[in-house]
Number of protein chains: 2
Amino acid sequence: MVNGQLTVDAKLAKRVRDAIREMGYLPNLQARALGSGRSRVLGLIISELTNPFYPELVRSFEDLAETSDFEIMLGSVIHKNDEHLNRFVRRLVQRRVEGVAVMTFRADWDYLHELILHNIPLVTIDAAAPRARCLVVEVDYRSGIDQAIQHLALLGHRRIAFVSGPLQHFTNQARRDAFLDSVRKVGLRAKDTPVYEGDHTFEAGAAAIGHFLSLRDRPTAILSSNDLTAVGVLRGLSERRMQVPEEISVIGFDDIHMAEFAHPPLSTVRMSREDLAAAAFQGLMRLTQHSSPYAPEPIRVKTQLVVRQSTGPQTNAVTAKADSARRTGTAAACSGE
Amino acid sequence: MVNGQLTVDAKLAKRVRDAIREMGYLPNLQARALGSGRSRVLGLIISELTNPFYPELVRSFEDLAETSDFEIMLGSVIHKNDEHLNRFVRRLVQRRVEGVAVMTFRADWDYLHELILHNIPLVTIDAAAPRARCLVVEVDYRSGIDQAIQHLALLGHRRIAFVSGPLQHFTNQARRDAFLDSVRKVGLRAKDTPVYEGDHTFEAGAAAIGHFLSLRDRPTAILSSNDLTAVGVLRGLSERRMQVPEEISVIGFDDIHMAEFAHPPLSTVRMSREDLAAAAFQGLMRLTQHSSPYAPEPIRVKTQLVVRQSTGPQTNAVTAKADSARRTGTAAACSGE
DNA sequence: TTGTATGCGTTATCAG
DNA sequence: CTGATAACGCATACAA
């Protein structure tokens with residue numbers, strides 16, 4: 001009866017339900033878990049909460065989990081030593097999580113061996129752990145980065161720099177490769193598309209801009225591998241009294257909330273946290289529901305350029321003459337965009 | 001034996017332990033919880049993760065919890081409707097949490113009634129829910145705000161404005177009252193200490209500065225009730241091409257990580273997340289350990305001024321003449337500080 | 001359909 | 001101090 005079937009008198013049912021409510025009864029979920037063999041707990045591993053990208057991802061994931069009556073155990077990778085991390089993973093299996101989403105944009109998952117050992121469903125980003133019950137969310141960096149480079153090319157930029165994250169991580173290589181491909185596609189050469197390897201922090205942006213401005217041929221536009229660093233770039237430029245976008249254009253990647261309120265508001269390639277969270281959650285559900293195939297088809301997530309005010313037509317004095325005619329044309333095209 | 005007593009042969013013990021490890025055995029915590037009646041789960045309720053203050057608090061609390069083998073269930077209050085919130089609280093009791101820390105800086109805890117009903121230990125900030133097994137963490141706003149005002153007074157500021165959070169919340173009243181008291185203490189009058197009621201967002205800072213600059217007697221220094229808003233103030237000032245601290249001084253409150261990297265680096269009153277987390281956690285432990293008294297003595301957390309570069313001597317042209325002699329004196333005092 | 005017994009993996013209790 | 005056994009609170013499968 002309690003489970004919703006109305007075979008008894010409706011009035012009696014109501015009385016019982018009221019009694020339950022009055023006594024404040026709520027089922028004990030750990031007992032339920034033990035009985036059913038399903039904990040209704042999911043693990044979520046992120047890089048770190050102090051990177052504003054992740055709270056938004058976490059929130060979306062939590063919302064999804066909540067509507068499906070799942071709890072989530074949150075763990076972050078950065079600023080935790082291996083010992084910390086191993087303990088977290090051990091706790092995940094001790095709580096008998098039904099699956100874990102590893103949303104860290106890196107492929108060093110040695111610390112996940114305990115999960116693999118216990119055959120716990122896993123969803124990862126960009127690259128899959130080679131095992132059963134694992135599913136990849138493939139982020140399509142090319143779509144958004146292509147748009148960004150084409151946008152800059154249309155604005156007349158011929159020297160475009162890139163600030164990458166640590167290249168030891170597969171995902172950062174993917175972003176850089178997407179950049180290099182895009183930039184070749186619009187006909188730019190290697191010497192005009194320098195890459196600086198940062199570490200995705202705010203501070204890295206300032207360092208990168210220092211590097212690029214010391215170059216013989218300064219870039220007229222900079223694409224950063226994430227927004228936090230792009231804001232650092234903006235800040236470094238501001239300290240040097242350089243105007244954005246008049247003197248130099250900047251595009252970020254991620255589209256964190258802060259991007260909109262940067263100075264000037266940052267044009268950026270949006271990687272939707274909602275999409276990412278939804279992909280991860282659905283992946284987990286897919287993995288737990290039926291006995292799934294060894295390597296299910298990956299879930300793809302697109303990226304997309306968001307134009308704000310940190311990008312403008314190329315107007316560098318040195319190259320101004322040569323590109324003059326072309327520039328006015330593209331500027332017009334831009335305004336109509 | 002497994003529990004660490006060495007009554008049997010050490011070599012045998014090692015073999016058993018190795019066997020356990022090889023089989024990948026880990027105890028089932030939900031079974032343990034059921035048997036022992038202790039879930040080893042704590043609830044942590046915050047305002048919202050997108051306010052950078054809270055991730056740092058969460059991290060500290062998590063570290064404490066982890067070293068004591070507790071799991072935490074995290075919930076945020078903002079951007080969740082009451083239905084959401086009630087469901088979260090219900091889940092807390094369904095998971096049989098051993099206590100919950102309510103770190104939201106507001107006193108509207110209607111949504112906590114389910115916890116009270118189930119007699120779950122509660123730690124709150126600033127104001128206590130009127131019930132047993134509840135403990136308050138009292139933040140001493142006065143200490144830090146006094147330091148801030150004295151600092152500004154020493155720098156020669158005579159018109160100091162305040163941007164408060166929503167005054168419907170007790171805690172924001174406490175901060176404002178601390179401001180008003182401090183400002184009276186250094187001899188300033190009401191008309192020279194205007195208060196603008198914001199909502200603790202970035203945007204509120206820009207709005208506040210718009211308001212203050214429209215005043216007949218513009219303040220020469222602004223104290224904000226939190227850092228996010230203070231950064232908004234900085235941004236609003238920058239858009240109006242006003243120099244900080246040359247034309248106007250700004251002090252924040254919280255000391256979030258971002259404060260250090262604001263432009264210029266923000267002087268602020270630090271409310272230590274570590275202290276807050278430690279107080280909350282210890283409070284919870286105190287409440288769960290022994291059967292504690294109805295209203296245990298509150299735990300106090302101090303605040304403290306951190307001087308960076310957003311504060312400087314008062315140099316407003318209009319008042320410069322009158323205060324001239326005094327200023328040079330205080331400026332000297334300041335440089336020696 | 002509805003009630004009843006058994007299992008889930010641990011802790012705790014109580015004999016031995 | 002050790003070893004068996006009854007809870008713990010629910011799900012589930014089976015009997016009525």
Side-chain angles (χ1 to χ4, degrees), chain A residues 1-17 19-43 68-71 73 87 89-99 114-115 117-121 288-291, chain B residues 1-17 19-43 68-71 73 87 89-99 114-115 117-121 288-291:
Chain A
M1 191 282 280
V2 177
N3 302 313
Q5 295 152 46
L6 298 176
T7 52
V8 289
D9 182 50
K11 235 156 64 188
L12 176 61
K14 185 184 178 342
R15 275 185 55 197
V16 173
R17 223 176 297 275
I20 290 178
R21 155 158 300 162
E22 264 176 56
M23 302 186 58
Y25 168 80
L26 285 176
N28 181 330
L29 289 193
Q30 44 219 28
R32 175 175 291 180
L34 204 56
S36 68
R38 306 203 51 189
S39 65
R40 302 210 78 82
V41 177
L42 257 25
S68 298
D69 277 309
F70 277 93
E71 218 57 60
M73 279 177 65
R87 298 218 309 201
V89 169
R90 209 172 309 139
R91 274 154 53 210
L92 285 177
V93 357
Q94 289 188 152
R95 297 276 176 192
R96 300 297 187 264
V97 292
E98 299 187 36
E114 201 104 45
L115 297 177
L117 199 71
H118 288 263
N119 198 34
I120 294 173
T288 54
Q289 298 274 322
H290 350 269
S291 59
Chain B
M1 190 282 280
V2 177
N3 303 314
Q5 295 152 46
L6 299 175
T7 51
V8 288
D9 180 50
K11 235 160 59 192
L12 175 62
K14 186 186 179 337
R15 276 185 56 196
V16 173
R17 223 178 296 276
I20 291 179
R21 156 158 299 165
E22 263 177 56
M23 303 187 56
Y25 167 80
L26 286 175
N28 182 328
L29 289 193
Q30 44 218 29
R32 175 175 291 179
L34 203 56
S36 68
R38 305 203 54 189
S39 65
R40 302 210 77 81
V41 177
L42 257 25
S68 298
D69 277 308
F70 276 94
E71 218 57 60
M73 279 178 64
R87 297 218 309 201
V89 169
R90 210 172 309 138
R91 274 154 53 208
L92 286 177
V93 358
Q94 288 188 154
R95 296 276 176 190
R96 300 298 187 263
V97 292
E98 298 187 36
E114 201 105 44
L115 298 177
L117 199 71
H118 287 263
N119 198 35
I120 293 174
T288 54
Q289 298 274 323
H290 350 268
S291 58

Could you grab the distance from atom CG of A:L117 to atom CG of B:L26, nearest 0.5 Å is fine?
-> 9.0 Å
Between C:dC8 atom P and A:R96 atom CZ, what is the distance in whole Å?
-> 14 Å
Quickly work out the A:R40 CZ to D:dG9 P distance and round it to whole Å.
-> 22 Å
Gap between atoms CZ and P, on A:R95 and C:dC8 respectively (whole Å) | 21 Å
Where A:F70 and B:R91 come nearest, the two heavy atoms and their spacing = O-NH2, 4.4 Å
Going through the checks in order, is the side chain to side chain contact (heavy atoms under 4.5 Å, CB included) test met by A:E98 and A:R40?
-> CA-CA 7 Å; A:E98 299 187 36; A:R40 302 210 78 82; 3.9 Å; yes
From CZ of A:R38 across to P of D:dG9 the rounded distance in Å is 23 Å
Length of the CD-C1' vector between A:Q30 and C:dG7, whole Å = 18 Å
Please give, in whole Å, the distance from D:dC8 P to B:Q94 CD?
-> 20 Å
Among all residues two or more places apart in sequence or in another chain, which pass the side-chain hydrogen bond (donor to acceptor under 3.5 Å, both in side chains) test with B:E114?
-> none
For A:R87, enumerate each residue passing the side-chain hydrogen bond (donor to acceptor under 3.5 Å, both in side chains) test, keeping only those at least two apart in sequence or located in another chain.
-> B:E66
For A:L29, what residues pass the side-chain contact (heavy atoms from CB on, under 4.5 Å) criterion, not counting sequence neighbours?
-> A:R32, B:Q94, B:R95
In degrees rounded to 10°, what angle is found between the helical axes fit to the five outermost pairs at each end of the helix from C:dG3-D:dC14 to C:dG16-D:dC1?
-> 50°
Is there a side-chain contact between A:L92 and A:L115, using heavy atoms and a 4.5 Å cut-off?
-> yes
CG of A:N28 versus P of D:dA11: gap in Å, rounded?
-> 10 Å
By side-chain hydrogen bond (donor to acceptor under 3.5 Å, both in side chains) - contacts of A:R90 (at least two apart) = none
Give me, pair by pair, the N or O atoms of the protein and of nucleotides 11-13 of chain C that are less than 3.5 Å apart, along with how far apart they are.
{"unit_1": "C:dT11", "atom_1": "OP1", "unit_2": "B:R32", "atom_2": "NE", "d": "2.7"}
{"unit_1": "C:dT11", "atom_1": "OP1", "unit_2": "B:R32", "atom_2": "NH2", "d": "3.4"}

